[in-house]
Asker: 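This structure is in structure tokens; I'll ask about it shortly.
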Amino acid sequence: GMNYGDYQLGIYMNGARGVLPDLPMDSAAMEELAKSRMDPRILGYVAGGAGNEYTQRANVAAFERLGIMPRMLVGAAQRSMGINLFGHALPSPLFFAPVGVLGAVTDDGDLATAASSAELGMPMVASTLSQAPLEQVRTAAGETPGFFQLYPPADRELAESLVHRAEAAGYSGIVITLDTWVNGWRPRDLSAAYLPMLTGQCLANYLSDDRFRKLLAEQGSTDPAAAVMLWASLFGNPTMTWEDLEWFRSLTSLPIVLKGICSPEDTRRALDGGMDGIYCSNHGGRQANGGIPAIDCLPGVVEAAGGAPVLFDSGVRSGVDALRALALGATAVGIGRPYVYGLAAGGQAGITHVMRSLLAEADLTMAVNGYPDLDSLRGSLHRL
Ligand code: FMN
């Protein structure tokens, strides 16, 4: 049968006839190429993080302290990276983390990501902040299940409307992001005095929403500037607390996952509150500096989750990083900035290339080290 690692065969075969890959073969090189092709303000928004970006760098560096023990003569000729997530059999454990400015990187960034999701069978968590409305993003993802990421707004009826639209559009679950009810301190964006949404970008889910439009009409002015101001006043919900979970739970029978959880106590509280899964993440160090590398929080979250699905992101830059998170007990691993750079460097083909490369590296690392499936990886890590 086929293994994801076979992606390298075509590349070497092309080379034998003198054809080199037209896109970079590792995350760092892809990032460099993307940066040369991006508008400086968008680049700052994507590449930047909170404060001096210590947490963002630490997220990435922490993976290097985790080594995988090689085992020989296992007979790992055929590998499987398949997982089951909320009843969906998926071919791989990777997914597209929600990114809210895909439509500012390229006009069709949300739909290009959804098309790669369809092509690879890899779920996309579609951001609230998209240039294409959530219904169009869902359609472009075809048969591949996907999740809708909700930034809980200050208006309950708007939250309800977005959740119900996601349900009607065919999403398989709701990811509620908790760590962004206020924008973190981001010197790069501050220096450029730039937030894409304030220029009217990536607000399609609001502008197409009946509840939002009703509120806008009540304001008296429906011009673009008024819409942006209304959005800014509703974007975050500063008074949301654990008490609100019951209400969110009552909105939908879809699985609900809380994103931004890093502590075992919060994990237990979420699951006790009827949530279906945990998304361990520190938002790639974009929100708070001086934090803990997300991968170092993962074992505590997995233990507290007691078998409930744990999604993970923040700092994954290679297929090996994905394996490290899986070995620590993550159910599925989110890729963030690397696919955004793939999009900026090579459009939809760039996104697919990034994901295929990550999968190939993960698969070949499992092969070399003698781990034929993800279960066997558990307990394979040594802290360096
Ligand atoms: N997370 C959300 O929950 N919703 C978003 O709309 C969102 N937008 C993002 C936009 C950009 C440009 C980036 C880089 C991240 C965004 N995130 C958002 C966070 C990602 O989902 C993810 O947690 C983060 O990218 C992981 O860090 P990494 O990319 O360094 O691995």
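In listed order, ligands and their atoms are each counted from 1.
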Asker: Nearest non-hydrogen atom to atom 21 (O) of ligand 1 belongs to which of Ala47, Gly315, Pro98?
Answerer: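 Minimum heavy-atom distance to atom 21 (O) of ligand 1 goes to Pro98.
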
Asker: Classify the ring geometry between Phe63 and Phe312 as parallel (under 30°), tilted (30 to 60°) or perpendicular (over 60°).
Answerer: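 Judged by the thresholds at 30° and 60°, the geometry between Phe63 and Phe312 is perpendicular.
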
Asker: Which atoms of ligand 1 have any heavy atom of Ala97 under 4.0 Å away?
Answerer: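 Checking each atom against Ala97, I get 21 (O).
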
Asker: Record the part of Val99 in heavy-atom contact with ligand 1 below 4.0 Å; permitted values are side chain, backbone, both and neither.
Answerer: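 The answer is both, backbone and side chain.
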
Asker: For atom 1 (N) of ligand 1, what's the nearest protein heavy-atom neighbour? Residue, atom name and distance, please.
Answerer: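 Going atom by atom, the protein heavy atom closest to atom 1 (N) of ligand 1 ends up being Lys259 NZ, 3.0 Å.
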
Asker: My understanding is that we take every heavy atom of each candidate and find the minimum distance to atom 26 (C) of ligand 1. Doing that for Thr177, Asp313, Leu150, which one comes out nearest?
Answerer: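 Heavy atom nearest to atom 26 (C) of ligand 1 belongs to Asp313.
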
Asker: Where is the nearest protein heavy atom to atom 27 (O) of ligand 1: which residue, which atom, and how far?
Answerer: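 Nearest neighbour among protein heavy atoms for atom 27 (O) of ligand 1, to 0.1 Å: Gly284 CA, 3.0 Å.
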
Asker: Any salt bridge between Arg268 and Glu303, counting N to O under 4.0 Å?
Answerer: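 Answer for the salt bridge query: no.
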
Asker: Verify the neighbour count for atom CH2 of Trp242: are there more than 12 heavy atoms of other residues, nucleotides or ligands below 6.0 Å?
Answerer: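 Check passes, neighbour count above 12.
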
Asker: For the pair Glu265 and Arg269, find out whether any cationic side-chain nitrogen is under 4.0 Å from an anionic carboxylate oxygen.
Answerer: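 Answer for the salt bridge query: no.
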
Asker: Would you say Arg317 touches ligand 1, if touching means a heavy atom closer than 4.0 Å?
Answerer: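 Within the 4.0 Å threshold, so yes.
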
Asker: Pairing donors with acceptors under 3.5 angstrom, does anything connect the side chains of Gln201 and Thr199?
Answerer: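 Yes, side-chain donor-acceptor contact under 3.5 Å.
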
Asker: Taking 4.0 angstrom as the limit and counting only heavy atoms of Gly336, give me the atoms of ligand 1 inside it, by number and element.
Answerer: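 Listed by number with element, the hits are 25 (O), 29 (O).
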
Asker: Do NZ/NE/NH1/NH2 and the carboxylate oxygens of Lys259 and Asp179 come within less than 4.0 Å?
Answerer: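 Salt bridge absent between Lys259 and Asp179.
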
Asker: Would you call Val101 a ligand 1 contact, heavy-atom distance under 4.0 Å?
Answerer: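 Judged by the 4.0 Å heavy-atom criterion, Val101 does count as contacting ligand 1.
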
Asker: Can you find an N/O atom of Pro338 closer than 3.5 Å to an N/O atom of ligand 1?
Answerer: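 Between Pro338 and ligand 1 (N or O atoms, distance only) the closest approach is not under 3.5 Å.
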
Asker: Please list the nearest protein heavy atom to atom 6 (O) of ligand 1 with its residue and the distance rounded to 0.1 Å.
Answerer: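 Answer for atom 6 (O) of ligand 1: Ser127 OG, 2.7 Å.
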
Asker: Identify, for atom 2 (C) of ligand 1, the protein heavy atom at the shortest distance, and state residue, atom and that distance.
Answerer: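 Here the nearest protein heavy atom works out to Tyr151 OH, 3.2 Å.
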
Asker: Got more than 12 heavy atoms from elsewhere within 6.0 Å of CG, Asp210?
Answerer: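 Not more than 12 within 6.0 Å, no.
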
Asker: Salt bridge check, Asp276 against Arg249: does any charged N sit closer than 4.0 Å to a carboxylate O?
Answerer: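 Result for this pair is yes, salt bridge flagged.
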
Asker: Before signing off on this row, confirm whether Tyr45 and ligand 1 have an N or O atom pair separated by under 3.5 Å.
Answerer: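 No, Tyr45 has no N/O under 3.5 Å of an N/O on ligand 1.
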
Asker: Taking only heavy atoms of Val46 into account, list the atoms of ligand 1 that are under 4.0 Å away from them.
Answerer: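 In order of numbering, the contacting atoms are 12 (C), 14 (C).
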
Asker: Taking the six-membered ring of Tyr4 (Phe, Tyr or Trp), confirm whether the NZ or CZ of Arg79 is under 6.0 Å from its centre and within 45° of its axis.
Answerer: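 Output no; distance or angle outside limits.
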
Asker: Return the residue, atom name and 0.1 Å-rounded distance of the protein heavy atom closest to atom 8 (N) of ligand 1.
Answerer: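 Among all protein heavy atoms, the one nearest atom 8 (N) of ligand 1 is Gly100 N, 2.9 Å.
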
Asker: Please determine, by modelled atom types, if Tyr339 and His353 share a side-chain donor-acceptor pair under 3.5 angstrom.
Answerer: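 Tyr339 vs His353: no donor-acceptor pair found between side chains.
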
Asker: More than 12 heavy atoms of other residues, nucleotides or ligands under 6.0 Å from CD1 of Ile11: is that the case?
Answerer: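 Enclosed.
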
Asker: Is the contact between Arg337 and ligand 1 made by the side chain, the backbone, both, or neither, using heavy atoms and a 4.0 Å cut-off?
Answerer: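 For Arg337, the contact with ligand 1 is made by both the backbone and the side chain.
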
Asker: Going by heavy-atom distance to atom 11 (C) of ligand 1, choose the closest among Arg286, Met197, Arg57, Gln149.
Answerer: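 That would be Arg286.
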
Asker: Closer than 4.0 Å to some heavy atom of Ser281 - which atoms of ligand 1 meet that?
Answerer: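 Once the distances to Ser281 are compared, the set is 23 (O).
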
